[in-house]
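Numbers here are sequence positions counted from 1.
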Amino acid sequence: MEPVPFAAAFDEAAMQAAIDEASAAAAKGEVPIGAVVVRNGEIIARAHNLRETDRNPLAHAEILAIGAAAQMVGAWRLSDCEIYCTLEPCPMCAGAIVAARMRGLYFGAYDPKAGAVSSLYGMLSDPRLNHETPWTGGVREGECGDLLSGFFDSLRTD
């Protein structure tokens with residue numbers, strides 16, 4: 001499935017913030033995935049995976065960032081927000097992006113095992129759902145992928 005470009009300008013600082021969040025996750029022994037939500041050119045929420053720390057299967061970076069952004073905005077609709085993630089969102093996270101009516105998504109590495117934007121499913125572009133979210137994947141893909149592969153390599157050698 002091809003990316004659906006959208007009007008919002010790519011924000012390099014936001015993608016770097018997502019990568020920084022992924023690094024913070026790795027430092028805690030969490031899978032290094034980070035996400036930030038941007039509204040009107042400003043980062044309003046940031047998060048990284050906390051599944052192990054919180055012992056919570058829902059504590060994905062995207063879910064935590066979307067929840068924090070909704071609290072900041074004071075509404076569940078985030079139709080004027082973009083989300084930047086280091087990994088292609090899974091079905092749960094892609095569903096949350098659609099449910100929040102987000103304006104757009106940028107992500108780094110594709111996820112051939114669980115990606116629900118393009119790799120396995122096309123949830124954000126499915127016209128049967130109540131909202132479609134334009135997206136662009138492969139942003140700083142090598143760097144994001146290296147964070148993940150380095151993390152898993154270190155687990156195998158420890």
Any [X] side-chain heavy atom under 4.5 Å of [Y] side chain:
X: R39; Y: M72; result: no
X: Q16; Y: R140; result: yes
X: V31; Y: F152; result: yes
X: H60; Y: P89; result: no
X: P32; Y: T86; result: no
X: S125; Y: W135; result: yes

Candidate pair E42 and N40, rule side chain to side chain contact (heavy atoms under 4.5 Å, CB included), full reasoning: CA-CA 6 Å; E42 178 185 344; N40 300 323; 5.7 Å; no
If hydrophobic clusters are built from ILVMFWY residues whose side chains come within less than 4.5 Å, do [X] and [Y] share one?
X: V37; Y: L64; result: no
X: V36; Y: V139; result: yes
X: L87; Y: L50; result: no
X: L129; Y: L105; result: yes

Just how far is it from atom [atom1] of [X] to atom [atom2] of [Y], taken to the nearest 0.5 Å?
X: I66; Y: C81; atom1: CD1; atom2: SG; value: 10.0 Å
X: F107; Y: M15; atom1: CZ; atom2: CE; value: 9.5 Å
X: D111; Y: L148; atom1: CG; atom2: CG; value: 8.5 Å

Short side-chain to backbone donor-acceptor contact, [X] and [Y], under 3.5 Å:
X: N49; Y: R51; value: no
X: E82; Y: Y106; value: no
X: S79; Y: R101; value: no
X: E21; Y: R46; value: no
X: Y121; Y: A94; value: no

What heavy-atom pair brings [X] and [Y] nearest, and what distance separates the two atoms?
X: A14; Y: V38; result: CB-CG2, 3.6 Å
X: A45; Y: A69; result: CB-N, 3.5 Å
X: A47; Y: A61; result: CB-O, 3.6 Å
X: D126; Y: R128; result: OD2-NH2, 2.6 Å

Exercise: do E30 and T53 side chains pair donor with acceptor under 3.5 Å: yes
Criterion side chain to side chain contact (heavy atoms under 4.5 Å, CB included) on M123 and I97, from CA distance to verdict: CA-CA 10 Å; M123 288 180 68; I97 291 167; over 6 Å; no
Criterion side chain to side chain contact (heavy atoms under 4.5 Å, CB included) on L124 and M102, from CA distance to verdict: CA-CA 10 Å; L124 273 59; M102 298 193 83; over 6 Å; no
Derivation and outcome, side chain to side chain contact (heavy atoms under 4.5 Å, CB included), residues S23 and L147: CA-CA 7 Å; S23 296; L147 275 170; 3.8 Å; yes
Heavy atoms from other residues, nucleotides or ligands near CD of E12 exceed 12 (cutoff 6.0 Å):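 Yes, because the 6.0 Å sphere around CD of E12 holds more than 12 heavy atoms from other groups.
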